[in-house]
Amino acid sequence: MEIKEKVDVSGYTEFRNDHYFKWEKAQSKKYFEYREKWKKNTTEIIAEGFPLHLDISTTNVCNLLCTFCPRTVRVEDGTWRKSQHMDIKLFKKIIDEATALGTYSINMNLLNEPLLHPKCMEMIRYAKEKGIVDVHFHTHGGLLTDSKIDEILESGLDRIFISIDSPYEEKYNKIRVNSDFNNVLENLQNLKAKRDAKGQIGPLIRVSFIQFPDVTSKELEDAKELFLKFADYVGFQVYADPYLQIGKNKTYPDNYKSQFVCHQPFTRLAIIEDGRVSPCCVDYDEELIVGDISKQSLLEIWNSSELKKIREIQQNGEFYKLKTCANCEKALNVDQGKDSPLERLEPTI
């Protein structure tokens, strides 16, 4: 399908076809209000009275062991959390409070496969019925059976991101351990065919591609050509260190002031399956916990002294004083003269 637009920011390239813009044109006034706030607040570091977006770990389970995944690293070294699905009552509490405050968007991921939650579709429907304007999730695509696709098409899901990191079967099967390239590609084709046959605009379908250091220009071209036949857009994201050790040995002089200020504590929250809350979607080791939604309200956590302290540290240009943040590639890039506009584009790449 003909490419209508190319988006190119530091660390990420996206190609969009005509259906992307048909979907976008069909969105509500509230959706565009959200998009304007997202662009402004992530650039100017503005905190509303509520999080614009939530990343919700509806489960911490995945049936793959992808070689590059931070979850796999922690499963193999024994530091990953015990297997657990989020209780549906807790999920509904989160959505009730979020929509009452004005939250626009949720992503049902934090290193997990959402389709493994037995009540995944109920969660999607509930969020949409309550008024979340952008409900989306990432999936490896291997569980998109005929019946599951039918459920997704009836759920109201806004966007689905299917992770396929090579257009070549042999390479894909090596890096996506326990998955099967041909099955995933067939599922992708089937999802689009069923959606289009129903005459539905959504869910918008994206293929997400991690651009490893060994990827050739031919592989990128082959991926773009193949996946845009069955998806509405394709995103290529540069590989990031799953160990979060990029700044491990870096030291800073006294009173050092960084140019980097992370917008995440000002625009979003990440909620893991047991209810604990972090201001960072890559806080894989729960080092920045600022509250527990199973015991507190979302508003209490958003206005908590713990979160205010993190915001203050960020605004002071002292990200390196926070352990997780000190190993953030985006922060280090900015101080090396590289812009880091990635999350101004979307809360979920």
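As the structure is a prediction and not an experimental result, all values here were calculated from the model.
- Side-chain contact, Tyr233 with Arg159: a donor N or O sits under 3.5 Å from an acceptor N or O.
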One pair to check against side-chain hydrogen bond (donor to acceptor under 3.5 Å, both in side chains): Gln237 and Ser208. What are the steps and the verdict?
CA-CA 8 Å; Gln237 183 176 357; Ser208 302; over 6 Å; no
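- Applying the side chain to side chain contact (heavy atoms under 4.5 Å, CB included) rule to Ser305 yields no partners; only residues at least two apart in sequence or on another chain are considered.
- Taking the ring centre of Tyr126 as origin, the terminal cationic atom of Lys92 falls inside the region bounded by 6.0 Å and 45° from the ring axis.
- Residues Val75 and Ile272 do not share a hydrophobic cluster, clusters being chains of Ile/Leu/Val/Met/Phe/Trp/Tyr side chains in contact below 4.5 Å.
- In this structure Glu221 satisfies the salt bridge (charged side-chain N to carboxylate O under 4.0 Å, His left out) test together with Lys224, sequence neighbours excluded.
- Both tests hold for Lys250 against Tyr252: distance to the six-membered ring centre under 6.0 Å, angle to the ring axis within 45°.
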Before giving the answer on side-chain hydrogen bond (donor to acceptor under 3.5 Å, both in side chains), spell out for Glu24 and Tyr31 the whole-Å C-alpha distance, their side-chain angles and the decisive distance to 0.1 Å.
CA-CA 9 Å; Glu24 189 175 56; Tyr31 172 83; 4.8 Å; no
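- Grouping the Ile, Leu, Val, Met, Phe, Trp and Tyr side chains by contacts below 4.5 angstrom, directly or via other members, places Met121 with Val135.
- A salt bridge links Arg268 with Asp55: at least one charged nitrogen is closer than 4.0 Å to a carboxylate oxygen.
- Look at Lys89 and Asp87 and you find no salt bridge, because none of the NZ, NE, NH1 or NH2 atoms lies under 4.0 Å from a carboxylate O.
- At least one donor-acceptor pair closer than 3.5 Å links the side chain of Asp292 to the backbone N or O of Ser294.
- Listed by first and then second residue, the ring-ring contact (aromatic ring centres under 6.0 Å, His included) pairs involving residues 276-305 amount to none (not counting sequence neighbours).
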